[in-house]
Colleague: 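Below is one structure. I have some questions about it.
Counting starts at 1 for both ligands and their atoms, following the listed order. Heavy atoms only: backbone and side chains are in, while hydrogens, waters and symmetry mates are out.
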Amino acid sequence: MDEEFEVLIIGAGPAGISAAIPLARAGFEVMVVERGEYPGSKNVFGGILFTHQLEKLLPDALENAPLERSVTRRRFAALSAENEIAMDVKVTPWRDKPYNHTMTALRGRFDRWYAEQAEAEGVNVIPGMMVSELLVENGRVVGVKIQPGDEEFRAKVVISGEGAHAFLARQAGLMAKELPKRHMITNVKEVIGLPKEKIEDRFLLEANEGVAMEYFGEAVKGYFGMGFIYSNEESISIGIGLTVHDLIKSKQTLNDMLEHFKNHKTIRKLLEGGEILEYSAHMIPEYGYNHLPQMTMPGLLLVGDTAGLINGSVYHEGTNLAMGSGILAAETLIEAKEHGLDIGSAEALAPYRQKLEDSFILKDMFKFRKIPDFFNKFPHYLRDYPGHIASWMEEYFTVSETPKADIEKGILKKIKRDIGLWRFAVDMYKVGRAVR
Ligand SMILES: Cc1cc2nc3c(=O)[nH]c(=O)nc-3n(C[C@H](O)[C@H](O)[C@H](O)COP(=O)(O)OP(=O)(O)OC[C@H]3O[C@@H](n4cnc5c(N)ncnc54)[C@H](O)[C@@H]3O)c2cc1C
């Protein structure tokens with residue numbers, strides 16, 4: 001077969017499908033090629049699905065999509081070897097629609113449903129086919145080669161929503177060939193089945209409410225990364241992730257790290273009696289704004305994780321940036337066609353980056369642009385502070401006849417011994433600047 005499509009999209013993830021729907025609505029002929037047996041079959045996330053972009057495309061999605069629980073409780077904790085200190089935010093109005101646009105989901109179910117919505121709009125979604133190569137002629141991407149079968153599909157524009165590894169985008173020269181080890185977070189996750197009532201009792205939730213819990217410090221043995229627990233309807237998702245660089249340095253496997261997290265004294269009770277239903281692994285491209293790749297070349301546009309669109313910070317957003325970038329990629333092509341341009345030309349694709357800059361996607365990534373480099377450059381924040389702070393807190397709340405004033409003096413002495421007052425002040429100043 002040697003067919004030509006108007007737009008060919010690689011990957012039926014949130015980014016690819018969010019590009020496909022508006023394009024089909026605008027009358028474009030769109031094909032999505034997905035390597036999985038069905039959309040979502042190979043996809044992994046934590047996961048909270050941030051739904052504001054989804055609702056833009058499908059206003060009834062909150063009623064119709066296979067979503068799990070609305071997240072009303074967000075918890076950020078630092079673990080030391082024995083202890084935990086946490087910030088716990090519970091907002092009861094998030095129980096009600098639009099649920100703070102924050103729903104837990106399982107990708108196998110959600111992605112399949114989302115691709116079906118695109119098919120209903122006229123998008124041709126072809127699962128079980130992998131794009132193995134981009135076809136490039138005179139500096140322009142003109143199509144793709146497919147496996148199995150070495151067939152070639154030609155297209156006026158290819159949108160790559162292939163996800164974190166971005167093999168094809170690397171092949172096209174839009175980013176370095178080597179994965180950046182300090183900016184790729186490698187993750188492993190289990191879905192653990194638990195009865196609905198147990199989940200609600202253990203995590204202090206009303207029916208259908210969910211929790212998102214993120215853990216730093218000892219969760220990943222003090223490396224750059226975190227552990228997480230998200231509650232689904234009748235299961236919890238638990239996992240850990242850390243940079244490839246730190247995983248190599250640790251000389252551990254991802255599975256060792258996950259077991260370490262699951263067996264932490266403050267975690268293991270949450271999992272008791274659960275049955276492992278799924279095990280998966282995947283990368284997150286946490287390049288940060290300062291290391292984003294080139295996002296277009298003639299005939300090619302990158303969306304979602306392929307383009308490194310992740311807001312790591314404390315928000316841990318990826319799905320909404322993926323969907324938002326898909327929508328903006330579609331908008332770029334629709335406007336180009338309206339202006340009578342060749343939709344794959346450099347001129348037609350040029351506005352895409354500016355659209356990203358003007359949206360929440362790059363505004364938020366710009367705000368947190370220093371974070372990935374900061375924690376790579378100063379590993380002691382994640383390595384040392386969780387343990388120190390937990391031990392200071394333990395001392396502060398330990399009940400004895402020691403006068404409280406003496407306890408406070410004792411803690412000050414500990415800060416001097418553990419870190420030094422001047423260094424402590426400098427560290428707090430530096431971290432404040434990094435997140436500003
Ligand atoms: C462990 C983990 C936890 C996460 N937690 C969260 C979270 O809680 N909230 C959040 O918002 N984000 C989270 N993320 C990030 C989020 O998953 C991504 O940002 C999002 O999935 C990006 O969507 P995408 O469509 O760009 O890529 P993907 O979802 O990766 O989709 C890529 C698609 O392309 C297909 N594909 C790949 N290569 C080819 C090829 N050559 N040919 C054909 N098809 C191909 C894949 O099978 C897949 O369907 C997490 C990620 C991980 C790994």
Colleague: Is a side-chain donor-acceptor pair under 3.5 Å present for Thr266 with His264?
Modeller: yes

Colleague: Could you tell me whether some N/O pair between Gly304 and ligand 1 is separated by less than 3.5 angstrom?
Modeller: no

Colleague: So which heavy atom in the protein is nearest atom 49 (O) of ligand 1, and how far is it from that ligand atom?
Modeller: Glu34 OE1, 2.5 Å

Colleague: Among protein heavy atoms, which sits nearest to atom 33 (C) of ligand 1, and what does the distance come to when rounded to 0.1 Å?
Modeller: Gly161 O, 3.6 Å

Colleague: Considering Ile17, Leu168, Val131, Thr104 one by one, which has a heavy atom nearer to atom 42 (N) of ligand 1 than any of the others?
Modeller: Val131

Colleague: Does Thr306, backbone or side chain, put an N or O under 3.5 Å from an N or O of ligand 1?
Modeller: no

Colleague: For ligand 1, find out whether one of its N or O atoms is nearer than 3.5 Å to an N or O atom of Gly46.
Modeller: yes

Colleague: Checking the N or O distance criterion of under 3.5 Å, is ligand 1 in contact with Lys42?
Modeller: no

Colleague: With respect to atom 48 (C) of ligand 1, which of Asn43, Thr102, Leu302, Leu309 exhibits the smallest heavy-atom separation?
Modeller: Asn43

Colleague: Tell me which protein heavy atom sits closest to atom 27 (O) of ligand 1, plus the residue, atom name and distance to 0.1 Å.
Modeller: Gly163 CA, 3.7 Å

Colleague: At less than 4.0 angstrom from any non-hydrogen atom of Met129, what atoms of ligand 1 do you find?
Modeller: 43 (C)

Colleague: What residue and heavy atom of the protein are closest to atom 28 (P) of ligand 1, and at what distance?
Modeller: Arg107 NH2, 4.0 Å

Colleague: In the protein, what heavy atom is nearest to atom 22 (C) of ligand 1, and what distance, to one decimal place, separates them?
Modeller: Asp305 OD1, 3.2 Å

Colleague: Note the single closest protein heavy atom to atom 37 (C) of ligand 1, along with its residue, its atom name and the distance in Å.
Modeller: Glu162 O, 3.0 Å

Colleague: Which atoms of ligand 1 sit under 4.0 Å from any heavy atom of Ile10?
Modeller: 40 (C), 42 (N), 43 (C)

Colleague: Determine yes or no for a side-chain-to-main-chain donor-acceptor pair under 3.5 angstrom, with Asn232 supplying the side chain and Glu68 the backbone.
Modeller: no

Colleague: Decide whether an N or O pair under 3.5 Å exists between Asn320 and ligand 1.
Modeller: no

Colleague: Would Ala15 count as a polar contact of ligand 1, with the cut-off being nitrogen or oxygen pairs under 3.5 Å?
Modeller: yes

Colleague: Crowded around Lys367 NZ? As in, over 12 foreign heavy atoms under 6.0 Å?
Modeller: yes

Colleague: What's the shortest distance from atom 13 (C) of ligand 1 to any protein heavy atom, and which residue and atom give it?
Modeller: Phe45 CD1, 3.9 Å

Colleague: Test your reading of the structure: does Ile48 have an N or O sitting under 3.5 Å from an N or O of ligand 1?
Modeller: yes

Colleague: Starting from atom 44 (N) of ligand 1, which protein heavy atom do you reach first, and at what distance in Å?
Modeller: Arg35 N, 3.1 Å

